[in-house]
J.: 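Mind having a look at this structure? Questions to follow.
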Protein chains: 2
Amino acid sequence: MARPKTYDREEAIRNACEAFWEHGYQALGVRELETLTGLSKTAIRSEFGGKEGLYLEALALYSDAAISSVLAPLKEGGMSQIIDFLEGLVDQGSITSSPWGCLVVNTGIENARIQSDKLHAATQSYWDALESHFAQALDNACARHEIAPDTDTAALAKGLVTAVMGVHAKNRSARAQTGGHALVALMVTYLDSLRTV
Amino acid sequence: MARPKTYDREEAIRNACEAFWEHGYQALGVRELETLTGLSKTAIRSEFGGKEGLYLEALALYSDAAISSVLAPLKEGGMSQIIDFLEGLVDQGSITSSPWGCLVVNTGIENARIQSDKLHAATQSYWDALESHFAQALDNACARHEIAPDTDTAALAKGLVTAVMGVHAKNRSARAQTGGHALVALMVTYLDSLRTV
DNA sequence: ATTATATCAATACAAGTGTATTTTTATTGC
DNA sequence: GCAATAAAAATACACTTGTATTGATATAAT
């Protein structure tokens, strides 16, 4: 039998996710990554396919975690769930609010040059998931007569996604997890105005 | 008398601005910067203070150009000028719309780690300028009875700035200068709804 | 023409990059 | 205890990074 691994795979990916989230991809070297994740250079290479492979795993974890937790309520939810999600982006206690912004937003901006197909696919699928969850919740709201039946839910969902990106960008720029609160308040006001009284 | 410079200073900074805008700061090496700007390594170092110095010049140019051109109409303007500005962010013909997003947004996200005081000051002052221009136009709109007198113009201005960041982030992520159109449409709808009929 | 000056071009440099390779170490079945 | 296995640690490697230095070059006043 072989020497046992000294790391827990999932915990290592979680650590990598946080590390990339905070520092960005390019600015984080493999050697520093070792200490932050508890992985050895050897493990990073053989187990994850090097720095980029680990980054993709981190992105996948981030994405899956968001979809299965904070996005889940939108599937059966309506206007209040959308508002809850938005407010979570700038709430101290929420896991979706962070002074580091959002790993997917950061990736989309920092790595626009690379144009790695895998990277683009990963970020794109995340935004698609967010958009379709918004659209679903809005359609639910329509069906439940929370908002007008002729509301353009598809366009509204797209706009919401971009607003979310703005909140994250602001949070990171301001190094404050409540940085984007003004836009959240504005969007909530707008969504409330759509409600059929 | 000495050998004349082979470059035009302003043109070089313009080129540097475009280069950093497209490729980002970290991903752009000095050697590639030479060919893109027409500057020699020697000039980059002695005339601009190296790569970071040139970056700061590029940021200043970007910021000054925006303030003196596209932000200027907001000073005396009202709701229509705000809407014009927003629509310019995703209009093919506009200089504020770009598949590369916005240099200041990109800087705020990519260089969150560095925390260079100069860098932070440069980006912060840009967002402050945008916010105060929005606030001014909104106050004008109040004074002209375009919107309700009790409108919280300060909060609204803050929200608009974050929305602008979102549009730019989306434009860059989508590599399309119209990427953020849905949020622009949404914000315009909202602003229109504030108008006193 | 000579000289002074400031630029450009080429080279050099130390440090850091991600990756590859080698050596050591920890484990289990025999 | 011994061999087999696979991971960790250490080292090495080729490459790039931003910067520094050196030598050639183009101007204009003398």
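What's counted below: heavy atoms across the whole structure, side chains too, no hydrogens, waters or symmetry copies. Proteins come first, then strands; the chains are lettered A, B, ... in the order of their sequence lines, and each starts at number 1. What you are looking at is a predicted structure, and each value in this text was computed from that prediction instead of being measured.
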J.: Restricting to nitrogen or oxygen on both sides, can you table the protein-nucleotides 25-27 of chain D pairs closer than 3.5 Å?
T.:
residue, atom, partner, partner atom, Å
D:dT25, O2, B:R3, NH1, 3.3
D:dT27, O2, B:M1, O, 2.2

J.: Give me each pair satisfying ring-ring contact (aromatic ring centres under 6.0 Å, His included) with a member in residues 80-117 of chain B, each pair once, sequence neighbours excluded.
T.: B:W21-B:W100, B:F85-B:F134
J.: Roughly, in whole Å, what's the span from CD in B:Q26 to P in D:dT16?
T.: 18 Å
J.: Does B:H181 have any side chain to side chain contact (heavy atoms under 4.5 Å, CB included) partners at least two apart in sequence or in another chain, and if so, which?
T.: B:V90
J.: Distance check, rounded to the nearest 0.5 Å: A:E11 atom CD versus A:C17 atom SG?
T.: 13.5 Å
J.: Can you list every pair that meets ring-ring contact (aromatic ring centres under 6.0 Å, His included) and has a residue in residues 23-54 of chain A, with sequence neighbours left out?
T.: A:F20-A:Y25, A:Y25-A:Y55
J.: More than 12 foreign heavy atoms under 6.0 Å from CG of B:D117: is that the case here?
T.: no
J.: Going 5' to 3' along DNA chain C, which are the first and last nucleotides with any atom under 4.0 Å from a heavy atom of chain B?
T.: C:dA4 to C:dA12
J.: Can A:T96 and A:S94 be counted as having a side-chain donor-acceptor contact under 3.5 angstrom?
T.: yes
J.: Strictly by salt bridge (Lys or Arg N to Asp or Glu O under 4.0 Å), give each pair with a member in residues 120-134 of chain A just once, sequence neighbours left out.
T.: A:E131-A:K158
J.: Does the side chain of B:T153 pick up a donor-acceptor pair with the side chain of B:D139 at under 3.5 Å?
T.: yes
J.: Going by the salt bridge (Lys or Arg N to Asp or Glu O under 4.0 Å) test, which pairs reach into residues 40-56 of chain A, not counting sequence neighbours?
T.: A:K5-A:E47, A:R9-A:E47, A:E34-A:K41
J.: Using heavy atoms and a sub-4.0 Å distance, could you list which residues of residues 28-40 of chain B are near DNA chain C? By number, please.
T.: B:R31, B:S40
J.: In chain order, what residues pass the side chain to side chain contact (heavy atoms under 4.5 Å, CB included) check against A:A19, with sequence neighbours excluded?
T.: A:L28, A:L33, A:L36
J.: According to the salt bridge (Lys or Arg N to Asp or Glu O under 4.0 Å) rule, which pairs have a member within residues 14-24 of chain A, sequence neighbours left out?
T.: none
J.: Mind listing the residues from residues 41-60 of chain B sitting with a heavy atom below 4.0 Å of DNA chain D? Number order is fine.
T.: B:K41, B:R45, B:G50, B:K51
J.: Write out all pairs satisfying salt bridge (Lys or Arg N to Asp or Glu O under 4.0 Å) with one or both partners inside residues 173-193 of chain B, taking only residues at least two apart or from two chains.
T.: B:D192-B:R195
